[in-house]
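Lettering follows sequence order; numbering is per chain, from 1.
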Number of protein chains: 2
Amino acid sequence: MTEKKKLGKNKILKELYFEESLSCADLAIKLEKSFPVTAKLIEELVSENLVIETGYAPSTGGRRPLMYALQKNVMYLVSVAMDQFVTKIAIMDMQNNFVSPIEKIVLPLPNNPLVLNVLKDKIAQVIDSSGISKDKFVGVGIGMPGFVNVKKGINYSFLQLPNNKSITKNIGEKIGIPVFIDNDSSLVALAELRFGAARSEMNAMVVNIGWGIGLGLILNGELFRGHDGFAGEFSHIPLFLNGKLCSCGKVGCLETETSLLLIVEKAREGIKEGRLTRMSSQCLKDLELACDAIIKSVQEGDQFAIELFSKAGYNIGKGVAVLIHLLNPKTIILSGRGSSAGQIWQAPIQQALNEHCIPRLYQSTTIEISTLGINAELIGAAALVMENYERIPVIKSHPVSLEMNLS
Amino acid sequence: MTEKKKLGKNKILKELYFEESLSCADLAIKLEKSFPVTAKLIEELVSENLVIETGYAPSTGGRRPLMYALQKNVMYLVSVAMDQFVTKIAIMDMQNNFVSPIEKIVLPLPNNPLVLNVLKDKIAQVIDSSGISKDKFVGVGIGMPGFVNVKKGINYSFLQLPNNKSITKNIGEKIGIPVFIDNDSSLVALAELRFGAARSEMNAMVVNIGWGIGLGLILNGELFRGHDGFAGEFSHIPLFLNGKLCSCGKVGCLETETSLLLIVEKAREGIKEGRLTRMSSQCLKDLELACDAIIKSVQEGDQFAIELFSKAGYNIGKGVAVLIHLLNPKTIILSGRGSSAGQIWQAPIQQALNEHCIPRLYQSTTIEISTLGINAELIGAAALVMENYERIPVIKSHPVSLEMNLS
DNA sequence: AAAACTTTTTTAATTATTTAATAAGTTTTT
DNA sequence: AAAAACTTATTAAATAATTAAAAAAGTTTT
């Protein structure tokens with residue numbers, strides 16, 4: 001059927017997005033289709049100018065495979081990464097390149113009824129000023145903190161519409177392009193799974209070290225979201241008997257003992273108390289800059305900064321010990337803003353595991369630092385759109401235009 | 001192909017085991033095959049006397065579907081449920097009935113090199129004395145505590161063979177029937193998923209309240225085992241700062257604050273200290289009988305017994321709060337030996353969730369008590385064999401014998 | 001340098017699935 | 001009460017997919 005064929009073609013495009021370049025044999029296996037069927041679909045995609053032949057790959061002991069990749073300048077993605085304070089918007093191509101400068105706007109989410117409209121306007125503006133025709137956009141992917149229901153397109157924490165209406169629908173109607181949303185930490189995990197340190201991993205925990213401690217769970221090779229899409233509330237597991245009130249209203253959450261927010265606060269306090277450090281109270285005023293400054297100090301060997309990260313790392317490790325016991329992952333990936341501090345995390349986390357984990361369990365678990373760093377969420381937002389690519393109804397063929405032939 | 005056909009037939013037999021009775025239309029959907037193909041396979045299975053027509057089901061608004069079920073007395077399962085002290089062996093048919101009395105032997109696992117041989121002899125003996133011919137047994141399913149690698153057939157905690165050789169292979173060679181092993185709590189969860197309170201659930205946590213606090217995770221409708229098969233080590237998550245040494249060598253594990261073992265110990269202490277209760281130190285001597293006695297006392301309203309369960313329940317609740325935050329399940333099932341105490345668990349666990357869980361999360365999670373009770377592990381062990389049924393190579397046709405026609 | 005082996009691609013033969021048409025039994029609607 | 005709508009079952013023809021075999025292009029071994 002023509003409907004089934006389209007699905008097959010979309011799957012090929014999706015696979016090529018995630019893998020960059022594949023042979024017909026590879027694709028046949030991934031699609032779980034026979035070789036002849038796959039070859040035919042590819043042939044059609046090539047004639048539609050959506051896919052190109054990229055030449056022969058080195059032989060693996062036999063005939064060299066002819067490789068295929070996505071055509072350039074034919075499809076684009078809009079990716080949006082929001083945190084509690086700042087929102088970043090970018091346009092990405094099918095090779096994971098940023099094709100326009102990353103737009104950054106200050107947009108505080110809590111108690112801000114204007115967020116949705118500002119966001120819509122900004123996305124529209126970015127698309128407009130890119131000069132790329134709208135029908136070349138596959139979709140908009142948005143990552144945001146809070147309790148996000150992916151299927152319904154609702155964020156129960158921020159950006160709420162009256163009657164819990166779908167914000168993906170709302171934005172989509174304004175922009176004219178399909179919209180997908182997910183929790184920020186889930187998208188960080190998705191980015192790591194598809195393009196980062198967890199690539200092709202079957203069981204991995206991606207810890208998003210940011211203003212809170214987020215978690216994206218990769219189970220059986222897929223992002224796990226739970227029954228309502230709220231899985232991964234790592235920040236608020238009750239782990240400490242410290243009597244500290246958390247932003248969520250409970251007491252003793254993991255977040256009360258570790259997070260970048262806490263580190264910045266403690267740094268500010270320390271300086272006030274006259275701790276010896278290369279950091280100044282001046283450079284810690286703005287939250288984002290403060291965070292960058294502390295991480296820089298860590299890398300320059302500042303003892304106070306290292307102490308702050310070590311303590312935070314140990315407490316993350318206590319949380320990770322719980323994860324390892326419950327889910328027996330192959331690897332733990334440290335990602336998000338805080339991961340740029342790099343190897344500093346390893347020792348204190350490992351220490352916590354030594355103390356709180358059954359040896360057999362932690363010995364077979366590795367801890368790795370993200371290579372995607374601060375852009376993980378943006379990459380994940382783009383990946384989110386392509387994860388859903390089969391389900392996007394509109395698929396246009398792109399005939400070879402004159403300019404294209406000339407270029 | 002004949003190989004593919006066999007696979008399809010085995011899948012039908014498997015589906016009928018788990019669902020008891022299905023129409024051709026149901027099976028076509030489950031197998032993801034077309035109606036004609038499914039109908040043909042069923043026809044063959046009927047003529048091989050493996051499947052029987054059970055008449056017409058009530059109409060759901062159209063022609064009444066002809067239902068199919070597994071033939072009786074054609075296939076049997078051996079299921080074995082081990083705990084640290086006692087091992088139970090049963091023979092089950094395809095309708096989940098125990099066709100022989102459940103054999104119970106005292107068999108302490110720790111530091112006992114004889115376990116494997118005793119187990120093999122006992123299984124052989126049970127099969128022998130059943131009078132059922134060996135070729136009617138599909139397989140042996142065994143649940144056991146410890147770190148079990150399902151695929152490799154190894155238990156790293158007990159029953160170890162030299163060089164970490166597969167115990168499933170070892171037992172299988174002696175018995176002459178395929179053998180499968182899994183962790184006890186995983187099998188309890190499997191039983192609940194297939195025949196119990198978690199039936200057809202997509203996301204559920206099955207808490208196995210026994211001598212420890214086990215956990216079986218049902219994620220995306222399947223039993224989740226983790227990278228090495230060790231997922232669900234609920235008993236040993238570091239949750240308390242109580243300084244109590246756990247059997248695992250660590251400090252502050254969940255198990256140090258809740259388990260049936262702890263309840264029995266505390267009951268014994270309480271009586272020694274002269275607590276007012278209907279229990280006597282006499283009836284608490286034997287561990288299993290003690291446990292039964294305390295649960296009976298709870299149901300009879302004994303205040304001391306209820307107090308013990310309430311405290312244990314609250315601490316289980318603290319652990320469950322962690323599960324809910326991390327995995328956002330739809331339901332929590334209390335199963336295993338302790339679940340026979342029934343509704344007594346509800347209040348203290350709910351209390352702990354109120355205190356330690358974000359409202360949005362626990363409000364959409366239900367807590368249910370198992371209906372399978374003490375036999376959950378045995379049922380799960382049988383289900384384990386059938387979960388793997390497609391992969392079992394030997395499949396015999398069972399021609400209608402004379403006696404069968406006469407009966 | 002030839003033979004044996006791998007891997008990919010192509011083609012033809014086989015097999016499976018979908019579709020459509022028919023029929024039978026039920027429920028809902030008119 | 002009869003007609004319409006719906007679900008299940010059966011069959012045959014049309015369509016599509018898989019499998020098997022063979023060819024092509026390389027690599028490795030003898």
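Base engagement by B/Phe35 is indicated by at least one non-hydrogen atom pair under 4.0 Å involving a base atom.
B/Lys33 has a side-chain polar atom (N or O) that falls below the 4.0 Å cut-off from OP1 or OP2 of C/dT17.
Between C/dT9, D/dA9, D/dT18, one nucleotide has an atom nearer to the side chain of A/Leu66 than all others, and that is C/dT9. When each of D/dA17, D/dA9, C/dT7 is scored by its nearest atom to the side-chain atoms of A/Arg63, the top-ranked nucleotide is C/dT7. Ranking D/dT19, C/dA16, D/dA9 by closeness to the B/Val37 side chain, first place goes to C/dA16. Closest approach to the A/Pro36 side chain among C/dT8, D/dT18, D/dA9 is made by D/dT18 (side chain taken as heavy atoms from C-beta onward).
D/dT10 atom P lies 9 Å from atom CD1 of B/Ile42, rounded to whole Å. Here the C1' atom of nucleotide D/dA17 and the NZ atom of A/Lys5 are 13 Å apart, to the nearest Å. We find that CG of B/Leu22 is positioned 15 Å from C1' of D/dT8, with the value rounded to whole Å. Note: NZ (B/Lys40) to P (D/dA12) measures 12 Å, nearest angstrom. In this structure, A/Leu41 atom CG and D/dA17 atom C1' are separated by 11 Å, rounded to whole Å. Whole-Å rounding puts the B/Leu27 CG to D/dT7 C1' distance at 17 Å.
In A/Glu19, the CD atom is crowded: over 12 heavy atoms of neighbouring residues, nucleotides or ligands sit closer than 6.0 Å.
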Give me the distances for all protein-to-nucleotides 27-30 of chain D N/O pairs that come in under 3.5 Å?
none

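Side chains of B/Asn220 and A/Asn220 form no contact here, defined as non-hydrogen atoms less than 4.5 Å apart. The side-chain heavy atoms of B/Leu45 and B/Leu13, taken from C-beta on, include a pair separated by under 4.5 Å.
Pairing for D/dT30 goes to C/dA1, judged as Watson-Crick or G-U wobble with the two contacts each under 3.5 Å.
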Exercise for the section: Evaluate ring-ring contact (aromatic ring centres under 6.0 Å, His included) for B/Tyr389 paired with B/Phe180, printing each intermediate quantity in order. Expected result: CA-CA 11 Å; B/Tyr389 188 67; B/Phe180 302 88; 9.9 Å; no
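The residue from B/Lys11, B/Lys14, B/Arg194 that alone fulfils the salt bridge (charged side-chain N to carboxylate O under 4.0 Å, His left out) condition with B/Glu387 is B/Arg194.
Side-chain atoms of A/Asn10 never come within 3.5 Å of backbone atoms of A/Leu7 as a donor-acceptor pair (strictly under, hydrogens ignored).
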